Every structure is written in structure tokens, then in C-alpha cells.
Number of protein chains: 2
Amino acid sequence: MTDHDDVRARILDAAEKLFYERGIQAVGMDRLRTAAGVSLKRLYATFPAKQDLVTAYLHRRDTRWRADLATYVDAHTPRDAPAPEAATARIRAVFDWLAAWFATPDYRGCAFLNAHGELGAVSPDIARAARAHKQALRSYLTDLVRPLGHPHPAQLAAQLALLIDGALTDAAVSGDPSAATTARTAVETLLAAPRPIPHP
Amino acid sequence: MTDHDDVRARILDAAEKLFYERGIQAVGMDRLRTAAGVSLKRLYATFPAKQDLVTAYLHRRDTRWRADLATYVDAHTPRDAPAPEAATARIRAVFDWLAAWFATPDYRGCAFLNAHGELGAVSPDIARAARAHKQALRSYLTDLVRPLGHPHPAQLAAQLALLIDGALTDAAVSGDPSAATTARTAVETLLAAPRPIPHP
DNA sequence: TATCGTAGAGAACGATCGTTCTCCCCGGAA
DNA sequence: TTCCGGGGAGAACGATCGTTCTCTACGATA
């Protein structure tokens, strides 16, 4: 039971590392088995097919990614500030977190956008996982934006989502982490402009 | 004009259609041969390896995509307007063009981002092609922005590039073409702001 | 007409993939 | 000790891939 869970975690760790850094189709089950240090029989007993492993990989990465983001944002929320300014700080924290991620040496873009670009047209499961991840991010952003008192929080959140996805892909393609600060500068303008919430 | 050029164009047409709508690794040389109506011998005489066909596909799509965009933008440039207003209209035209593209039934995202997500980690040629395409788009945007008299045209162009890439991917993943209008709304805000606001 | 070069159709080849099967070892129950 | 069952290592299998090769048909030329 603990044994089974430990094996499952080791497999998922190897899958996440390899799928993310090389792509899904580029890594075979044998390489995966070697990286996880598990026999093929155990591998297929845990995940009956590669597709199951791929969806499990995407699912775990989705929950962990969003939990990490929320943790960082919560840790960078000022405790003694009015709601709108706290919200602004939380939104800024999102892009600070992205900037730190982009500077990671093994950053290779958004796992869900990569998986969608690679197999979204062929595998409905992968397309659905990517859509769900982006939808969850967008609803989180809407929650972040709401305390601002903006007239159209969903609209502003959608704009933030565009900047985030643009920064994710630009940083991956160009290899330049500055996409995060570019996005952050644009966010400052968006937050300051339509319905001005004064900020020092 | 010659037979050879006609065959080459037919192969590239089939490759562009299939690679774009299914992904690169998902379409084999045999399916490609059938779609192009060409013998395998001719196919390999024209493109000695699949990799050559992939890079040729990306190269032709890059030039054609940017030419189509520039044509649309030029066609929607007011003739009797001062330079800054004309530049604003041209920037808006970019997003109108995107909106029309996203509404196409067979829209499947940016071919270069898809190719990069699929094979960018494994094939330096594909990674280079995607980087070159995005760089060319960014320098085009910089040219569009310059007549505005903005203090940092490259910075503003980078922000536009983020919104464009975000809209490209969001429209592809969600299947909702409204990403273009969301991006356009954000662009209006960015253009209306007096200048970018830096924050420590 | 006879010959030659070329191109089409598709079989063949080797590599690799996902998946299954075989063989062997070893620890615990009798 | 003997037997048994389960797990590990990896060979085997069938499918598919990119690429090459064979065989045949045909049109131009002498």
C-alpha cells in the first residue's frame, strides 16, 4: 500500500521530469522504466497504458502547479493593507513567481501548452486536461482580481491570463526570462488604467 | 514553373495541412505521400529526409503568415490620417486579423508554438525556426509601434507580442475565438496609457 | 523495332515503439 | 527441507515509423 504508493510516486516523478523536458512522444516506456527504477511489470501494473500515465502526469502537475502558485501568492500578501491594495500585491506576486520560474535552468514552457501542441489534436484526453488547467488558472485569477472592485473582473482576469500564457510561451521559445517582467509592466498599466485604483 | 517546382509545392501543401492539423510526429511519410499524390521516390528526391520537409514547411509558413498579416494591415491603413492615428489603426488591424483567423473552423493555434512544444526540446532546427518566427513578428510589431512616438517602442512591441502569443494559445486550447477581442481590449488600454509604470 | 532511362507502385528493411510473455530467483509456509 | 507464488530482468511480439530497394511499365531515341 505504502509500497504501491511509493512506486506510483517514483514513476510519476520520472514521467514528469522526462515528459516535461523532452516531450511525451519522445520518451518511451523503457526509458521511463529505467529512470523510475521499476520493472516493466510493475510499471504496467501501476499504469495499464502510457495514456494513463500521461493523464496522471498532467493531473498531478496541474494540482501541484496551482498549489505552488497559490502558496507563493499567499506568502506575499501584505497583512495590514486594504483589500484593493492587497489584491494588487497578490497579482504582482503571480508575475514574480513566473519570473523566478522562467529563470530556472530547466524551464521549458507550460507543460499543458506543450502537451496540447504535441497531442491535443489527436488525444481528446490531453486536450481536455489542458483546457481544464487553463480554465482553473483563469478562475483563480478572477478570484485574485475581484477585490480590486474592477467593473469587469472576469474580463480583467482574461487579460491577465493572456499575458501569462504569452509570457510562458515567449520565455520558452526565446529562452529569455524577461518575458515575465514585460508582462508585469503591462499588468501595471492594465491595473492603473480603466477604472483607476490609486496606488502610491 | 517546372514540373519539379509543382511537385514541391504539392508536397508542401499536403505537409502544411497535415502537420498543422495533426502534429508533426502524428503524420507519417506514407500518409503525406498519399495526400500529395506523389510517389515515395519523388517525395524523397524532393526532400531527402522528413526533417528537411519539416523545416521547409515551417519556413514557407513563416514567410506566408507574415506576408498575409502585413497585407491585411496595409489594406486597413487609413490614407489620410496623421502618423500616430494611422499607427493605432494598423495595430488594431493586427488583432482584427487574428480574430478572423481564430474564427476559422480549422484553427489549431500557432504552428510554430505547436512545433516547438512538440519537438523544440529534441530538434534544434525546429527550436530555431520558432525563435526566428517570433523574433520576426516582434520586429514587425516594433515597426508598427514606432510612429506612435512611444518612449519605449520595443517595450510596447514586446507587450503586444505577449498578448498575441497569449491569444494564439488561449484560442487554440479553449476553442474560443474571443481571445482576440480580449487581447484587443487590453491593447486599447496599453495604447491609451500615457507611459508604462515601473514598479520596484 | 529495339534499347535505354526514368518514374510509379509498393514491398522490404531496420529501428523503435507500446505491450505482453517467459524464465528465473527468492522468501515464506508446510 | 520442499513447494509455491510473486516479482524482477529482459526477450519477444506485433505495429508503425522513416527510408531504401525491386520490379515493372512506358516514352523517347536511334
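The model shown is predicted, which means the values in this text are computed figures rather than measured ones. Letters A, B, ... mirror the listed sequences (proteins, then strands); counts begin at 1.
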Within this structure, what is the SG-NZ distance for the pair A:C110 and A:K134, rounded to the nearest 0.5 Å? 3.5 Å
Answer whether the closest heavy-atom distance between the side chains of A:L191 and A:L156 falls below 4.5 Å. yes
Run the ring-centre check on B:H133 versus B:W65 and record whether the distance is less than 6.0 Å. yes
Under the 6.0 Å and 45° cation-pi test, does B:R61 pair with B:F112? no
Do the side-chain N and O atoms of B:R8 and B:T46 include a donor-acceptor pair separated by under 3.5 angstrom?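 No, no side-chain donor-acceptor pair sits under 3.5 Å.
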Rounded off to whole Å, could you give me the [atom1]-to-[atom2] distance for the [X] and [N] pair?
X: A:F47; N: C:dT19; atom1: CZ; atom2: P; value: 13 Å
X: A:L43; N: C:dT20; atom1: CG; atom2: P; value: 11 Å
X: B:L40; N: D:dC23; atom1: CG; atom2: P; value: 18 Å
X: B:R31; N: C:dG10; atom1: CZ; atom2: P; value: 17 Å
X: A:L32; N: C:dT19; atom1: CG; atom2: C1'; value: 14 Å

Choosing from C:dT22, D:dT22, C:dG10, which nucleotide comes nearest the side chain of B:K41? D:dT22
Name the pairs: protein N/O against N/O of nucleotides 16-18 of chain D, kept only if under 3.5 Å.
{"unit_1": "D:dG18", "atom_1": "OP1", "unit_2": "B:K50", "atom_2": "NZ", "d": "2.3"}
{"unit_1": "D:dG18", "atom_1": "OP2", "unit_2": "B:M29", "atom_2": "N", "d": "2.7"}

A:T182 side chain vs A:S178 backbone, donor-acceptor pair below 3.5 Å: yes
